[in-house]
Amino acid sequence: MTESSEQRESKNFVEQAIDEDLKSGRFSGVFTRFPPEPNGYLHIGHAKSICLNFGLARTHDGTCNLRFDDTNPTKEETEYVESIMEDIRWLGFEWDSLHFASDYFDQLYQWAEKLIEEGHAYVCDLNADETRQYRGTLTAPGRDSPYRDRSPEENLDLFRRMRDGEFEDGTRALRAKIDMASPNMNLRDPVMYRILRATHHRTGDKWCIYPTYDWTHGQSDSIEGITFSICTLEFENHRPLYDWYCEKLDIHHPRQIEFAKLKLSTLLMGKRYMIRLVKEGFVTGWDDPRMFTIRGYRRRGYTPESIRSFCADVGVAKFNSTIEIVRLENSIREHLNRIAPRRMAVLDPVKLTITNWPEGRVELNEAINNPGDADAGKREIPFSGQLFIERDDFREEAPRKFFRLKKDGAVRLRAGYIVDCHDVIKDDEGNVIEILCTYDPDSKSGSDTSGRKVKGTIHWVSAEHATEVEVRLYDRLFMVDDPSVVEEGQTFVDHLNPDSLQVVTGYVEPALAKAEVGERVQFERLGYYIVDEDSTAEKQVFNRIVPLRDTWGKIEAKGKKS
RNA sequence: UACCCCGUGGUGUAAUGGUAACACUACUGAUUUUGGUUCAGUCAUUCAAGGUUCGAGUCCUUGCGGGGUAGCCA
């Protein structure tokens with residue numbers, strides 16, 4: 001059971017609405033769509049919507065389309081279309097059919113003429129500024145446009161001339177004739193078409209008028225036979241307009257349902273934030289392993305499964321909540337714990353010499369690939385008299401609860417022997433540069449006849465056999481819960497974690513030499529790592545995906561505080 | 001100071017008028033040749049006040065708190 005949480009019995013409010021409409025016969029199936037505007041890269045927030053839309057279609061034996069909402073040519077690019085498709089597929093979903101709102105421009109135009117003919121739309125000569133004046137405010141009703149009562153004939157003529165390019169950008173707009181006094185701003189004669197001379201990424205220069213989101217979205221859903229049009233909460237106030245257009249046009253009428261978008265602590269998902277991070281070089285690009293984009297998480301080493309199970313885990317509701325980032329981190333740990341083979345790597349090495357080890361002798365020790373998965377098998381690791389261990393795993397004078405190696409103490413070397421430390425060598429500044437131990441020949445892992453029990457087990461690599469690699473230790477970009485909250489005169493940039501990336505040279509066991517780009521492993525006792533695409537034949541590069549839970553770190557931190 | 005939406009443990013999500021449940025976190029403890037994993041345990045009278053009802057987290061009223069909305073963006 002990889003994603004048992006996806007099969008929970010309790011239903012969220014969207015599923016309940018679906019059940020209700022299926023049961024009543026309002027709709028005969030679940031036909032959804034994921035409708036991004038191709039104006040940027042997908043981020044973890046989109047993943048929730050993708051999982052919801054595709055997931056609902058999947059569990060109800062329906063369909064889910066991918067539709068690009070490309071009605072604003074000034075912001076959209078083909079590059080984004082490609083990246084969005086790639087990211088959705090990487091997440092593990094495939095659309096039943098691919099559409100572009102721009103494919104419906106002709107139909108939309110026809111429908112606009114229909115509304116004009118029926119007296120439901122008019123050409124307004126107010127410019128953007130004047131339109132705002134007439135719209136009124138949140139508390140005051142608007143006033144009717146002086147052009148509101150033009151005849152259908154005149155409107156039709158004007159609208160066609162708009163289409164034919166007779167007027168300057170922004171000088172006229174087609175508006176729906178609804179109610180300038182409506183408490184819902186969206187119903188105060190919303191704009192359906194604006195004059196906009198811009199080259200569209202698909203229709204080129206065919207059009208100089210473009211439909212707005214509201215005049216496009218519901219009809220696009222309708223054309224595709226969508227039954228449940230799922231979107232985020234900020235469109236709640238648009239629903240009456242969505243419904244109005246479908247009714248006036250007398251076309252198939254999907255049900256719009258709004259849910260709360262994903263908000264994660266320590267993350268800033270807004271486009272303007274992410275653009276600044278990239279443009280000002282705080283990260284290396286949209287796929288920087290610290291970014292909240294889908295490609296960032298992919299490069300970081302997150303699995304599609306972990307992101308899907310995370311989305312299923314956080315649920316769907318209308319409450320504006322903030323999910324703790326540890327839950328995302330937890331979901332990747334949970335998955336990788338099951339599938340990642342264990343390997344040994346030392347990232348901050350100090351030399352450990354076994355003084356009673358026979359000169360030149362090398363043993364091949366057997367090690368288990370995954371203690372939780374017998375099928376993962378075993379591997380061999382060379383063991384010799386010259387090892388590297390983690391600097392942090394040795395203390396000359398250790399606190400009471402320190403279970404690792406200390407002077408005159410013993411520790412087990414993972415998949416090796418118990419060693420006893422009898423001396424250390426220091427440099428002029430008093431730093432330990434070499435640890436001298438003896439090993440207990442009877443204590444070999446797997447065939448221990450020594451009868452000794454030691455509290456700690458540490459990892460190691462054989463100095464002579466280890467490979468030198470580059471390791472990129474990634475940490476959270478922001479350490480505060482909500483980086484958008486700033487002091488006077490500061491911006492979110494001031495919350496950036498200066499240590500979000502640390503590059504170190506590590507030493508890894510020989511079994512890793514053949515690891516290919518994209519392979520994920522657990523460095524025992526450290527965390528999960530993936531071979532990055534920057535790896536070359538000369539040098540591998542590993543990204544830290546997420547560290548292991550660190551109980552000792554907590555104990556130690558607590559001890560320091562008190 | 002208009003309209004719409006939302007308030008359930010530290011964080012989320014359930015309970016569809018009938019014993020407040022599940023997950024994550026935190027904290028205990030056990031197991032462990034990864035201070036990982038795993039296992040067990042502990043942590044809430046549902047924003048407030050009224051009302052309806054045999055019975056209210058759920059329905060009604062009011063208040064309080066949070067979010068959204070005044071692009072020819074989506």
Side-chain (A/Arg150) to main-chain (A/Val123) donor-acceptor, under 3.5 angstrom: yes
Minimum-distance nucleotide (side-chain atoms of A/Lys401 versus B/U34, B/U8, B/G35): B/G35
Phosphate OP1/OP2 of B/G71 contacted by A/Arg135 side-chain N/O (<4.0 Å): yes
Minimum-distance nucleotide to A/Glu324 side chain [options: B/C27, B/G35, B/G10]: B/G10
Residue matched to B/G65 through Watson-Crick or wobble contacts both under 3.5 angstrom: B/C6
Earlier contact from the 5' end, RNA chain B, for A/Asp214 and A/Phe13: A/Phe13
Any strand: nucleotide that pairs with B/C27 via Watson-Crick or wobble, under 3.5 Å: B/G41
For atom CD of A/Glu130 and atom P of B/A70, their distance in whole Å: 20 Å
Gap between atoms CG and P, on A/Asn337 and B/U32 respectively (whole Å): 18 Å
Touch class at under 4.0 angstrom, heavy-atom based, for A/Gly142 against every strand present: nothing
Side chain of A/Leu138 - closest among B/U34, B/A70, B/U13: B/A70
Distance in angstrom units between A/Arg327 CZ and B/C24 C1', rounded: 4 Å
Base of B/U33 paired with side chain of A/Ser445 (donor-acceptor, under 3.5 Å): yes
B/G71, syn or anti by chi within 90 degrees of zero: syn
Quiz item: A/Gln522 side-chain donor-acceptor pair to B/U34 base, under 3.5 Å: yes
Base B/G71 paired with A/Arg194 side chain (donor-acceptor, <3.5 Å): no
Pi stacking test for A/Phe403 and B/G35: under 5.5 Å apart, planes under 30°: yes
Given RNA chain B, 5'-ward residue of the pair A/Asn186 and A/Ser443, judged by closest heavy atom: A/Ser443
Partner nucleotide of B/G55 by Watson-Crick or wobble geometry (both distances under 3.5 Å): none
side-chain N/O A/Arg172 vs B/C72 OP1/OP2, d < 4.0 Å: no
Any N/O donor-acceptor pair, A/Arg412 side-chain to B/U33 base, under 3.5 Å: yes
